Amino acid sequence: MNRVLAHTGARFPIIQAPMGWIARSQLASAVSLAGGLGVIETSSGETANCQREIQIMLDSGLPFGVNLPIRFLKDEAMLRYVCESGIRFVTTSAGSPAKFMAPLKAAGITVYHAVPTLDTALKCVDAGVDGLVVEGSEGGGFKNPEEVSTLVLLQAIREKTDIPMVAAGGIVDGRGMAAAFALGAEAVQMGTRFVASAESPVHDNYKQAIVAAAATGT
Ligand SMILES: Cc1cc2nc3c(=O)[nH]c(=O)nc-3n(C[C@H](O)[C@H](O)[C@H](O)COP(=O)(O)O)c2cc1C
């Protein structure tokens with residue numbers, strides 16, 4: 001048992017990344033059922049649909065998380081819903097988590113924030129987050145223009161703080177996971193790898209394009 005497993009309730013330290021429209025209950029429940037941690041997205045902005053997906057996960061009794069991408073939330077409806085619905089684990093991303101911390105912590109929720117740089121990581125530690133998703137520039141999705149690789153970022157953050165770290169960006173298998181753990185991570189978060197999985201809801205052509213992509217394809 002490590003700190004991320006204690007925080008999430010998952011059996012294995014493998015987190016399925018939040019991804020707009022893709023990270024819904026079909027994928028998240030398969031990951032959580034297999035012992036990892038499924039995460040439900042809210043970046044699609046489809047408040048009612050995301051709430052329905054979260055309710056499916058709550059009804060399943062499986063451990064899971066919800067992502068709140070701060071800059072992309074059009075109002076406070078999703079934050080309120082998350083605080084009131086009995087969710088135990090939230091990742092925040094895309095913005096400062098500072099103003100979200102008080103309501104989330106008051107609701108007894110464990111909060112990890114996704115960080116692309118050392119500076120942001122240290123600000124988040126000061127803001128009182130419970131852990132960090134350390135997201136290198138290899139990762140898929142919207143990225144910070146200040147590019148720092150997963151390998152460099154994990155080492156830089158571990159040098160300055162002992163906070164639990166989830167490594168994200170460019171990890172697809174056990175070798176990448178072992179490397180992340182050697183650098184101090186206690187879990188990995190994978191996005192692209194899960195987009196290409198059988199349980200992912202995207203078209204098969206998208207999955208095949210990922211499998212066929214070159215190492216320069218990010
Ligand atoms: C299609 C796609 C959509 C994403 N959407 C989100 C999102 O809504 N919120 C978020 O915090 N991260 C988002 N991300 C980033 C992932 O959470 C994750 O950190 C990243 O995919 C890890 O890198 P990898 O794709 O190399 O595994 C997205 C990534 C992808 C590929």
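Remember, it's 1-based here, ligands and their atoms both numbered in the order they're listed. Here the structure is a predicted model, which is why all the values come from computation and not from measurement.
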Search all heavy atoms of Met78 against all heavy atoms of Ile54 and return the closest pair with its distance. SD-CD1, 4.3 Å
Can you establish whether the number of heavy atoms outside Lys123 located under 6.0 Å from its atom NZ is more than 12? no
Ligand-protein N/O pairs under 3.5 Å (ligand 1):
{"residue": "ligand 1", "atom": "5 (N)", "partner": "Pro18", "partner atom": "O", "Å": "3.4"}
{"residue": "ligand 1", "atom": "8 (O)", "partner": "Ser43", "partner atom": "OG", "Å": "2.6"}
{"residue": "ligand 1", "atom": "9 (N)", "partner": "Asn67", "partner atom": "OD1", "Å": "3.0"}
{"residue": "ligand 1", "atom": "11 (O)", "partner": "Ser93", "partner atom": "OG", "Å": "2.8"}
{"residue": "ligand 1", "atom": "14 (N)", "partner": "Pro18", "partner atom": "O", "Å": "3.4"}
{"residue": "ligand 1", "atom": "17 (O)", "partner": "Pro18", "partner atom": "O", "Å": "3.3"}
{"residue": "ligand 1", "atom": "17 (O)", "partner": "Gln189", "partner atom": "NE2", "Å": "3.2"}
{"residue": "ligand 1", "atom": "19 (O)", "partner": "Glu135", "partner atom": "OE2", "Å": "2.5"}
{"residue": "ligand 1", "atom": "19 (O)", "partner": "Gln189", "partner atom": "NE2", "Å": "3.1"}
{"residue": "ligand 1", "atom": "23 (O)", "partner": "Gly140", "partner atom": "N", "Å": "3.4"}
{"residue": "ligand 1", "atom": "23 (O)", "partner": "Gly169", "partner atom": "N", "Å": "3.4"}
{"residue": "ligand 1", "atom": "25 (O)", "partner": "Gly140", "partner atom": "N", "Å": "3.2"}
{"residue": "ligand 1", "atom": "25 (O)", "partner": "Thr192", "partner atom": "N", "Å": "2.9"}
{"residue": "ligand 1", "atom": "25 (O)", "partner": "Thr192", "partner atom": "OG1", "Å": "2.5"}
{"residue": "ligand 1", "atom": "26 (O)", "partner": "Gly170", "partner atom": "N", "Å": "2.8"}
{"residue": "ligand 1", "atom": "27 (O)", "partner": "Gly191", "partner atom": "N", "Å": "2.8"}

Could you tell me whether Arg193 and Asp173 make a salt bridge, using a distance below 4.0 angstrom between a side-chain N and a carboxylate O? no
Might you point out which heavy atoms bring Ile171 and Val188 nearest each other, and give the distance in Å? CD1-CG1, 3.9 Å
To the nearest 0.5 Å, atom OG of Ser96 lies from atom CZ of Arg71 at 10.0 Å
Enclosure of Glu159 CD (heavy-atom neighbours >12, cutoff 6.0 Å): no
